[in-house]
Structure formats: C-alpha cells, structure tokens
Amino acid sequence: MDGYLITILSNIGMVSFVALSAYILLLSGQISFGQQAYFGIGAYVAGIATVMWQWPLAGALLFGSLAAGAAAGLVGLATLRLSGIYFAMATLAFAEIMRIAAELFVYRRDIGGIESGPDGVDGFRDIRYFFANEFSPLETCLIVYALLATVLAILCIIERTRAGRMLRQIGEDPLLAEVHGINVMSVRMIAALAAGAVAGLGGGLYAHLMTYVEPKSFDIMLGVHALAYGLIGGLGTAFGPILGVLIDIGLLESTRIFHGYRMIVFGGLVAVLLIVRPRGLLDEVAVSRIRRALRRRRDAGD
Amino acid sequence: MLELANLSKHFGGVRAVDSLNLKIEPGQIFGLIGPNGSGKSTTVNLITGLLDVTHGSITLAGEEITRLPTHVRLSSGIARTFQNIRLFGQLTVWQNLWVAENARAQRERTNFFSRWMGGDRGARARITRALEFSGLADKADELAANLAFGEQRRLELARALAAEPKLLLLDEPAAGMNPEEIGALDDRIRQIRDSGITVLLIEHHMELIMAIADRIAVLNFGQKIAEGTPAEVQAHPAVREAYLGTAG
C-alpha cells in the first residue's frame, strides 16, 4: 500500500473516534458541540505520558482516555440538566475554554538532552513514540483500526442490551422514558463518560500518529464535523458515523474532486440530508431493513 | 391504594390543585372529572412525579411517595397513559412494549449486570401476551408512528399494563374515539379492574365514566366540590352549577 492511502486510512480511523463520541450523545438526545475538547485532552495527556513520563503506549492511551472520560463526567455534572440549544452552547463554551487553556499551557522539561513538552500556542511537538520504536505507517494504521474495531464491537453489543435501548428511548422522549422507570440523568451521565473516553482514545492516537498536537487541532470545526458524521451516516447503528467519516474524508477530502469547494459540498450534503433523511443514511428504518434482509439470506443459505 | 392528603400545587398565584383530599380503595375504578382547567391533569402529573408538590402528601399502598423521583414511581407500581398519546414513534410496537419490561427489571433485579445487560427471555412471552390482549399481534414490527389512531391508543394502554402496575392512571383514554371504540374501551377498563388493578380514570366522556366508575370525584378550580357514586355526583347541586352555570 502506498503512503498516501495509509495516511488517509489512518485519518479516517482517528476521526471516527470523535464521530462515535458525538454519536453516543446524539443517541441520548443531546447535541454536543464540544466533543473535540476530550479529543484534545486525550491527545495532550497521552502525549505527555509517553514523552515526559516515558510510559508505554498502551498505558498512555488508556490514561488519556480515562482523563478525557473524567473531564466529560465533570462537565456532565454541570451541563446534563440542560437540553437542546442550551446544552449545545454549554458544551461549546467548555470546549473553547479547553482550547484556550491549551494555548496557555506550558510544561517543558529536558528529556534526553532535548527540551520537550507542550509549549502554549506552538503546541506539543516531537511525540516520537512510533518513530523511536520503529513502527511502520502500516503498523500504526493497524493499531488505529484494531482499537476502532474494539470500540465499535463494544458499542454494537451495548446497543443490543437493556442499557443501549434505554439510551435510544431517552433520546426519543426523555419524559416518557422517565415515566417508564428509566433514570434519565444517570443513563445520560454514563453516556457522557463513555463519549468522553472514546474521544480521548482517538486523541491519544492522533497525537502519536501526527507526532504533534496543537490547540488548533481540536477547534470547533472538529466538533461540528463529528456531529455531522452521525447525521450524514445515520443514527441507526454505530456504523453510521463511520460511513459519514468515509464519505467526508474518504471521498471528498482525499480524492480532491471538489478541491477548494469541499466545505461547500459538505455543508450542502448535511443540509440536504437533514431535510430528506433527518436521521442519516443508515437510520433506524434502513438498519432494520438490512437486518431483515441478512436474516432472510442466512435462512435461505441453511 | 392511593391517598392524597391536602395535596396542593401552586403556579405562582394560581392554585391549580388546592388542598385536595382523595382516597382510592384497591380494586376500584375511580373517576376524576371536572371542567377544563379544573386541575385533573395537574393531579395526574403530581401523582406520577412530573410536577413537584407544593404542599401535602401522596401515599401509595401505605408508602409515602411524595418526594420520590419519577423514574422510581413506575417501579413502585404506578403506570399511566397520556391525554395526547405519547409513544416512542421511531421504535416498533414490540420495542415500545419492551420499555415496560425495563420497569420490571428495575424492580426485580438487584444485580447490576442483569439490570443493565439482561436479555429478553422472560420478556418475550409477556410481550406476546400483551400484544394479543390489545389486538396488535400482527403489528409487532411496525413503527409506532405508523399505526392508526385507535391502535396507538391500544398500544399505549398495553404498554402501561405490561409494567404490571398496582395503580393505572388513564388520562382521557376515550378522547378522539368513535362510539364503537368507546364501547370496546369500556369493556377493556372493566377487565383491567377485574384483574386486580386499581384504575384512576380522567375523562370528559360522561356516558363512559358514569357507566363504569365505582366512585367519582369532581374538581373545579383545583378544589374537590363533590364525591360519591355516579348517581350521587350527578344529583349534586355544586356539580350541576360547575358544569351548567348557576341554575336559572
């Protein structure tokens, strides 16, 4: 495989984590414009762990993910009682606070003769774990997809359990869910924690694959895209947001067919889909139709 | 079964429910009537916890539930339907009924894992039964939003029953129904009572409520103005005044 293709695939994989993060909250009926903050927290924390503390990659990714989840929990305590536009505003405000805090964050130390660490607006450079340990781009890409597959598998299993169905019921009508014995606040809190952790994991991978991260890497555009991926790809299954990422990065960005006009095409696509298919291409109806077709084919095959 | 003592709900200066005392015996169909804006729906929202009580207390089967959060009340045995039908429109009929199974899980299962992850084994049989009782067996895979109006009402009732409540609150179940459907509803509500569930029925349709209620309370401006058997209530002068204006 050539380097360009591997880079595109890695990008798709990493952005998918943020898309899934926004998707989890969309299922619970909350629109967050702030999932990029947890991506950023995961990136900085995991980067600091490997560079400054010499942690192994697995531990650093896990720690970054947990830190992002914890931050999401704290933000959740303050914001989850809000709904609709108020929740969206509060999450966006928090994400901007985090981005600006990252611009002010300086933590430099001498590591092996080179001064490294986050350096305010200049960001955090030389996160050389993969380089130092001689991973090839293909291997790092495989690491991204192994982790993405794990997260996807867990999400697909959870969606079929009581907890997953409760999440969808809350998303559709929180009051009705409450009347049916569902503790809406605690389910939303669990969703927020999980969403933060998933975004943080993606951030940790991003920092190591790109070898640097800067406050700009997690500005509002990342959050807006993350939301749009679920809305384009569909909210009927966890594969929906991944499809959204594929369409945007895989088709629009990487082939450069709409070079220079990509954001116009992307915005138009979102607008058209919101009108004709408000819950995305793979919405609940499409998913149940596909499931039925698969079942029929399997039965016919027996 | 249900006792409201001195129950009040004030919205600013408006007393939507004002020192209401009610006692509903187990196994009754208890009717709650009154002109528009007399506080009937507010009372139901207080009982289900969707509104906070200003004063007074609510007791269910000897247990005070005045301050319990809404989601706990269903597992303690209260189920309701809504005046304007409320279904999970984008879920199928089957999935809508499955929601009620959740209440059972919260009530019966103490183990964290089975509470959140538990599957459908026992639920399948119960949901099938609920589908048959409500005559929706062939619609299990339809989206609730695509059902006809009457079917949606039946589904809402089936869902409330699937939670196996002790007390069922019906908020205007006959609204928008034709006489034939009302006749069927009449039978169904009696069946529900005969199966041991206490029913609190709010209704504008006088014929229905006079025919099936064991006891009726009449509200006006948030206060109870009369209570008794259907015959007693019909003869009560305050009720005639509230409904027809001052007698000429």
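Residue numbers begin at 1 in each chain, while the letters A, B, ... track the order of the sequences. Any value given below was found using the heavy atoms of this structure, including those in side chains, with hydrogens, waters and symmetry copies removed.
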(Q) Can you classify the ring geometry of His180(A) versus Phe88(B) as parallel (below 30°), tilted (30 to 60°) or perpendicular (above 60°)? (A) tilted
Q. Under a 4.5 Å heavy-atom cut-off, does chain A meet the side chain of Thr70(B), its backbone, both or neither?
A. both
Q | Leu50(B) portion near chain A, given a 4.5 angstrom heavy-atom threshold | A | side chain
Q) Going by an N to O cut-off under 4.0 Å, is there a salt bridge joining Arg86(B) and Glu156(B)? A) no
Q: Dump the intermediate steps for side-chain hydrogen bond (donor to acceptor under 3.5 Å, both in side chains) on Glu64(B) and Thr66(B), then the final yes or no.
A: CA-CA 6 Å; Glu64(B) 183 170 343; Thr66(B) 319; 2.7 Å; yes
Q) Which of the residues Arg279(A), Glu178(A), Arg168(A), Glu172(A) is involved in the greatest number of heavy-atom pairs with chain B at under 4.5 angstrom? A) Glu172(A)
Q) Are Arg188(A) and Asn183(A) linked by a side-chain donor-acceptor pair shorter than 3.5 Å? A) no
(Q) If we define contacts as heavy-atom pairs under 4.5 Å, which of Val99(B), Ile78(B), Asn96(B) has the most with chain A? (A) Val99(B)
